[in-house]
Amino acid sequence: MSSDKPIHAPQTHFPVHDGCLHIGGIALPRLAQRVGRTPFYAYERAALNARMGDLRAALPAGIRIHYSLKANPMPALVQHMSSLADGLDVASGGELKTALDTGMQTDRISFAGPGKSETELAQAIAAGAVVHLESLRDIDIVNRLGQSLGLRPAVMLRVNPDFELKSSGMKMGGGPRQFGVDAEQAPELLRRIAMRDLDWRGLHIFSGSQNLNAQAIAETQEKTFELAMRLADHAAQAPRLLNIGGGFGIPYFAGEKALDLQPIAATLARWLPRVQATLDGAEVALELGRYLVGEAGIYVARVVDRKVSRGQVFLVMDGGMHHHLAASGNLGQVIRKNYPVAIGNRMQEEKSEIASVVGPLCTPLDVLAERMELPAAQVGDLIVVFQSGAYGLSASPSAFLGHPQALEVLV
Ligand SMILES: *Cc1c(COP(=O)(O)O)cnc(C)c1O
């Protein structure tokens, strides 16, 4: 069929044998039998290992890599990531529990986010996790809780930078934000932290998410290092850790290309020695979510009906936007675009028709692929949505319309 349109980046994480996608070395129809029912998410250990291995090989030694649970909090997957990552970043009491259950050294678990409740803060302090202070209120409460618990809380200061991450899918720093304290206020807050009985570990500067422009990420990292070194002058002692954020994106849509790590690696290699020389050997950490897990997962649903409406083919599945809001285009997309989608048991058949892949919900929003070139699918076939290892089930409105929850497996 037509070839002049932009196409999806090739999905090469999982092999194809005898027409079937294999994940964890298991043919998809067999995996569906093993899971017992569709729809389900499947995440692959080998793909998680390979991604972390490639990343570590590309980046300078000494860069720490944290996993952000927000991207995928499935306990078995977090357990696996805890063996690959140098730290776990959480943003709720629930994620804190999942992270602690892995056995990760507790001061390598850090807890960020606005509006942390007193209960959550007390849990984090009692656990020995690192609390990211994001306001004056956080400083006061954490100090008071530390005194009442007889503990000296480990803390970082989260700073809302005075610059933005360009071409980012989701900006979370620069301008007015609910995250962190403005860079302009940071010197004053660092003085206050020094006056309290707090074990200050360092600075956290996160600018944004889902960026495929390596040059923009590298430039932001330079500005982040400059800001951190400027702010460090206002602290009572040198920071032990700089968490410089992440923002590494993955290609979801046609025309997008995988992130080129080379410019980022070169920037980090240039700055790391300088930062460590100036700041008494401070560690530098990246915090990544989707880049580590997004490509290692698929969503799988079964075709339950095949309809033709005024000449257009609709494949109706037993799963949809209630399990995978992002693929339906309703999680922050302005213009709806298709994720890479395939028929998992017809991987080698010619794409012979244009079909829309929809879910069972009684709303026109429940579309997982709109007018896509696909092999002719039949009832019982297994639809696969790639790039689904992050912001899938936990970021979806599972209760919407009362269908069964999707299952999740790690293979
Ligand atoms: C969401 C978030 C992340 C992870 O973002 P990804 O795009 O999944 O890498 C990391 N750090 C913070 C502070 C976040 O809020």
Side-chain angles (χ1 to χ4, degrees), residues 64 66-70 73 78 82 85-160 177-206 227-228 231-245 279-285 287:
R64 308 179 69 88
H66 290 191
Y67 173 58
S68 224
L69 268 67
K70 184 178 59 178
V78 176
S82 75
D86 304 308
L88 297 176
D89 293 349
V90 304
S92 71
E95 289 188 354
L96 176 66
K97 179 193 185 301
T98 304
L100 289 168
D101 284 347
T102 66
M104 171 68 78
Q105 192 180 307
T106 58
D107 71 348
R108 296 199 174 172
I109 298 173
S110 54
F111 185 7
K116 296 181 276 290
S117 73
E118 289 209 26
T119 306
E120 288 174 316
L121 289 167
Q123 287 176 289
I125 296 165
V130 181
V131 176
H132 289 217
L133 304 172
E134 310 215 6
S135 68
L136 197 55
R137 170 256 186 198
D138 279 2
I139 297 178
D140 291 340
I141 294 180
V142 169
N143 185 58
R144 172 162 56 72
L145 289 171
Q147 285 172 349
S148 68
L149 292 166
L151 295 167
R152 189 155 182 261
V155 299
M156 303 264 288
L157 181 65
R158 181 167 179 184
V159 178
N160 173 24
R177 298 284 162 193
Q178 72 267 50
F179 310 110
V181 301
D182 293 346
E184 305 83 288
Q185 299 170 336
E188 170 60 20
L189 292 187
L190 286 169
R191 272 190 293 275
R192 286 190 191 226
I193 290 170
M195 285 162 16
R196 305 290 171 79
D197 198 16
L198 298 171
D199 173 13
W200 181 66
R201 300 294 177 98
L203 298 165
H204 175 209
I205 304 173
F206 180 80
L227 173 60
L231 293 178
D233 287 342
H234 299 273
Q237 77 268 10
R240 280 187 268 162
L241 178 66
L242 296 182
N243 177 332
I244 61 167
L279 300 179
D280 283 356
E283 309 259 24
V284 172
E287 51 175 354

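Note that the coordinates shown come from a computational prediction; the quantities given were computed from them, not determined experimentally.
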Taking all heavy atoms of Ala183 and all of Leu227, pick out the closest pair and write down the distance.
CB-CD1, 4.0 Å

Rounded to the nearest 0.5 angstrom, the CD1-CG distance for Ile205 and Leu242 is 7.0 Å

List the residues meeting side chain to side chain contact (heavy atoms under 4.5 Å, CB included) with Ala285, not counting sequence neighbours, and say none if there are none.
Arg64, His66, Leu241

With sequence neighbours left out, what residues match Asp233 under side chain to side chain contact (heavy atoms under 4.5 Å, CB included)?
none

What heavy-atom pair brings Leu145 and Ala122 nearest, and what distance separates the two atoms?
CD1-N, 3.8 Å

Compare every heavy atom of Leu190 with every heavy atom of Leu231, then report the nearest pair and how far apart it is.
O-CD1, 3.5 Å

So, taking the atom named CG in Asn143 and the one named CD1 in Ile193, what distance separates them when rounded to the nearest 0.5 Å?
10.5 Å

Using the side chain to side chain donor-acceptor pair (under 3.5 Å) criterion, which residues pair with Asp199? Sequence neighbours excluded.
Arg201, Arg240

Give the minimum heavy-atom separation between Phe206 and Gly245, together with the two atoms involved.
CD1-CA, 3.6 Å

Name all pairs fulfilling the ring-ring contact (aromatic ring centres under 6.0 Å, His included) condition that reach into residues 122-145, sequence neighbours left out, sorted by first residue then second.
His132-His204

Asn160 CG to Glu184 CD distance, which is reported to the nearest 0.5 Å
7.5 Å

Residues at least two apart in sequence or cross-chain that pass salt bridge (charged side-chain N to carboxylate O under 4.0 Å, His left out) with Glu118, listed by chain then number, are Arg144

Which heavy atom in Ala127 sits nearest to a heavy atom in Leu100, and how many Å separate them?
CB-CD1, 3.8 Å

Would you mind reporting whether Pro239 and Leu279 have side-chain heavy atoms less than 4.5 Å apart?
yes

Answer yes or no: is there a side-chain heavy-atom contact under 4.5 Å between Lys116 and Val131?
yes

For the student: nearest non-hydrogen atoms of Ala126 and Leu151, plus distance
CA-CD1, 3.9 Å

Is it the case that the side chain of Thr102 and the backbone of Thr98 share a donor-acceptor pair, with hydrogens and angles ignored and the cut-off at 3.5 Å?
no

About how many Å separate CE of Met104 and CG of Leu88, when rounded to the nearest 0.5 Å?
4.0 Å

How many angstroms lie between atom CG of Leu203 and atom CG of Leu157, to the nearest 0.5 angstrom?
6.0 Å

Check whether any side-chain heavy atom of Ser110 lies under 4.5 Å from a side-chain heavy atom of Val90, and answer yes or no.
no

Quick one: which residue pairs count as a salt bridge (Lys or Arg N to Asp or Glu O under 4.0 Å) with a foot in residues 86-95, not counting sequence neighbours?
Arg56-Asp86

Would you say the side-chain atoms of Glu134 pair up with the backbone N or O of Arg158, donor to acceptor, closer than 3.5 Å?
no

So does Gln185 get a backbone contact from the side chain of Glu188, meaning a donor-acceptor N/O pair under 3.5 Å?
no

Salt-bridge test for Asp140 and Arg196: reply yes if a basic N is under 4.0 Å from a carboxylate O, no otherwise.
yes

Taking C-beta and beyond as the side chain, do Leu189 and Leu133 meet within less than 4.5 Å on heavy atoms?
no

In Å and rounded to the nearest 0.5 Å, what is the CZ to CD distance from Phe111 to Glu120?
4.0 Å

